[in-house]
Amino acid sequence: MKALVFSIKSFEKIYLQKANRIHDLIFTESALSLDTVEKAKGYDAVILFTSDIADRNTLIHLKKCGVKYITTRSVGFDHIDIEAAKSLGINVANVPEYSPYAVAEHAVLLMLALNRKLALANELFRKNNFLLDSLVGTELHSKTIGVLGTGKIGTTMIKILNGFGCKILAHDINESKALELKLNFRYCDLNTLLKESDIITIHVPLNSHTKYLITDTKIKMMKRGVVIINTSRGGIINTTHLIQSIENGHIGAVGLDVYDNEKVLFFRDFSQSTINDLNFIKLKSFPCVMMTAHQAFLTETALRNIAETTISNLDNFEINSKEFKNKIV
Ligand code: NAD
């Protein structure tokens, strides 16, 4: 089939080309939006990324362009209005799993880097300042870690954190007793997790139930000095409340790979231009905040798996496979 790949990045193009055998793939660096949707005219499918916006209006135009299929190169599909796609008869698929290790390892990386003040240590080292006075850290061992969401990434987190000797609490709307028996952790309600954890790591999807799940009310329940790690989606935390709680000292440190307003910032080079997002500027200014620009997924294994599953999604759309498990609608 003929498919247009929106928001293509040089690092992933080669993997898609290698995985593809029979489809006619055309690449554009443009992100999908109302302004760019016309590019999809004459294509059977579009292949999206998290930075694309497939809201109702854009989907209506996609349909008019003749697009019948959407496959997203991501686990999350919060950038696609699934209900609208369903009503328009556009099929949507995702990559439900490409490497939970990539994201979980990145979340652990943020935890360790914050606990051991790695950014400051590197900065001082480069300046030949080898004094240790400002670098006293904390250990993961014996800490209580709250894992929010025990899906593929949350489960991988639990396995890794078990190795560090952490006490692990977890919360999920779908508890798996089998998992609890197999791994060393305990399920609890959300409030208990918030109250008892030294570090909270977020692994739930963004949807209408989890949008701003973490507000100032929830933050006030957390221990003073709590560390929050979010590698899931920026919209799960109310950024304004997060900033206030860092300023008033309630939150000790924050590690973020995602940001609420990231669609207009991430995956672009702003080194020669100005950023006007005041919340973003503020967050970046705190020494206790470490941020990466949505790179938790970015490993060779993940890129290969994303490409292979994306191409297999096109194959399955084409043959209208009944066993197509990645199909959302
Ligand atoms: P998953 O579907 O395997 O697991 C999500 C878990 O969250 C499920 O167990 C589900 O029951 C639970 N959940 C859903 N709503 C909940 C709620 N309101 N309260 C408690 N639990 C809830 O997904 P996954 O593969 O583990 O990925 C999790 C998220 O990570 C994705 O949705 C995506 O947003 C994000 N992600 C980020 C990156 C990155 O590069 N930063 C890469 C991949 C995925």
Side-chain angles (χ1 to χ4, degrees), residues 7 9 11-12 48-52 72-80 82 92-111 146-161 169-180 183 185 187-194 197 200-215 218 228-237 254-260 262-263 265-267 290-307 309-310 325-326 328:
S7 299
K9 316 278 182 283
F11 58 75
E12 55 172 352
L48 304 185
F49 191 58
T50 52
S51 49
D52 293 309
T72 180
R73 317 191 289 284
S74 55
V75 175
F77 44 85
D78 45 281
H79 51 300
I80 305 168
I82 296 298
V92 181
N94 71 336
V95 182
E97 177 171 353
Y98 46 79
S99 172
Y101 305 101
V103 184
E105 286 178 15
H106 196 83
V108 175
L109 164 83
L110 289 171
M111 268 180 206
V147 177
L148 189 47
T150 56
K152 291 173 283 294
I153 296 170
T155 300
T156 309
M157 262 325 258
I158 292 172
K159 287 181 190 164
I160 296 173
L161 293 170
L169 296 176
H171 173 69
D172 198 296
I173 46 166
N174 298 310
E175 292 189 1
S176 164
K177 286 290 160 205
L179 196 69
E180 202 179 24
L183 299 177
F185 77 100
Y187 275 118
C188 62
D189 58 56
L190 179 60
N191 290 354
T192 304
L193 182 146
L194 300 177
S197 302
I200 295 167
T201 182
I202 300 174
H203 304 289
V204 292
L206 177 63
N207 56 38
S208 57
H209 304 288
T210 58
K211 177 85 182 166
Y212 297 150
L213 184 66
I214 306 298
T215 57
K218 292 278 191 287
I228 300 178
I229 307 292
N230 187 8
T231 55
S232 191
R233 285 290 180 267
I236 294 164
I237 302 180
V254 180
L256 302 175
D257 184 54
V258 286
Y259 171 64
D260 202 2
E262 70 175 51
K263 274 199 166 56
L265 291 171
F266 289 0
F267 315 117
M290 178 169 261
M291 290 178 82
T292 49
H294 206 139
Q295 71 168 80
F297 73 99
L298 195 60
T299 66
E300 290 169 4
T301 308
L303 289 174
R304 193 170 49 248
N305 293 343
I306 291 168
T309 307
T310 298
K325 60 178 177 13
N326 302 345
I328 301 158

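Each ligand, and each atom within it, is numbered from 1 in the order the structure gives. The residues of the chain are indexed from 1 along the displayed sequence. Everything quoted here is computed from the prediction, not taken from an experiment.
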Could you pull out all donor-acceptor pairs under 3.5 Å where a side-chain atom in residues 97-110 meets a protein atom, sequence neighbours excluded?
from: Ser99; atom 1: OG; to: Ala102; atom 2: N; distance (Å): 3.2
from: His106; atom 1: NE2; to: Thr292; atom 2: OG1; distance (Å): 2.9

**Message:** Which residues pass the salt bridge (charged side-chain N to carboxylate O under 4.0 Å, His left out) test with Lys159, not counting sequence neighbours?
**Reply:** none
**Prompt:** Just wondering, are more than 12 heavy atoms of other shown residues or ligands nearer than 6.0 Å to CD in Glu175?
**Reply:** yes
**Message:** Tell me which one of Phe267, Phe77, Phe11 satisfies ring pair (Phe, Tyr, Trp, His ring centres under 6.0 Å) with Phe49.
**Reply:** Phe267
**Sorted by chain and number, the residues that approach ligand 1 to under 4.0 Å with a heavy atom** = Val75, Tyr98, Val103, Gly149, Thr150, Gly151, Lys152, Ile153, His171, Asp172, Ile173, Asn174, His203, Val204, Pro205, Thr210, Thr231, Ser232, Arg233, Asp257, His294, Ala296, Phe297
**Request:** For a side chain to side chain donor-acceptor pair (under 3.5 Å) with Tyr187, tell me which candidate from Thr192, Asp172, Thr150 qualifies.
**Result:** Thr150
**Message:** I need the full list of side chain to side chain donor-acceptor pair (under 3.5 Å) pairs touching residues 201-210, with sequence neighbours left out, sorted by first then second residue.
**Reply:** Thr201-His203, Asn207-Thr210
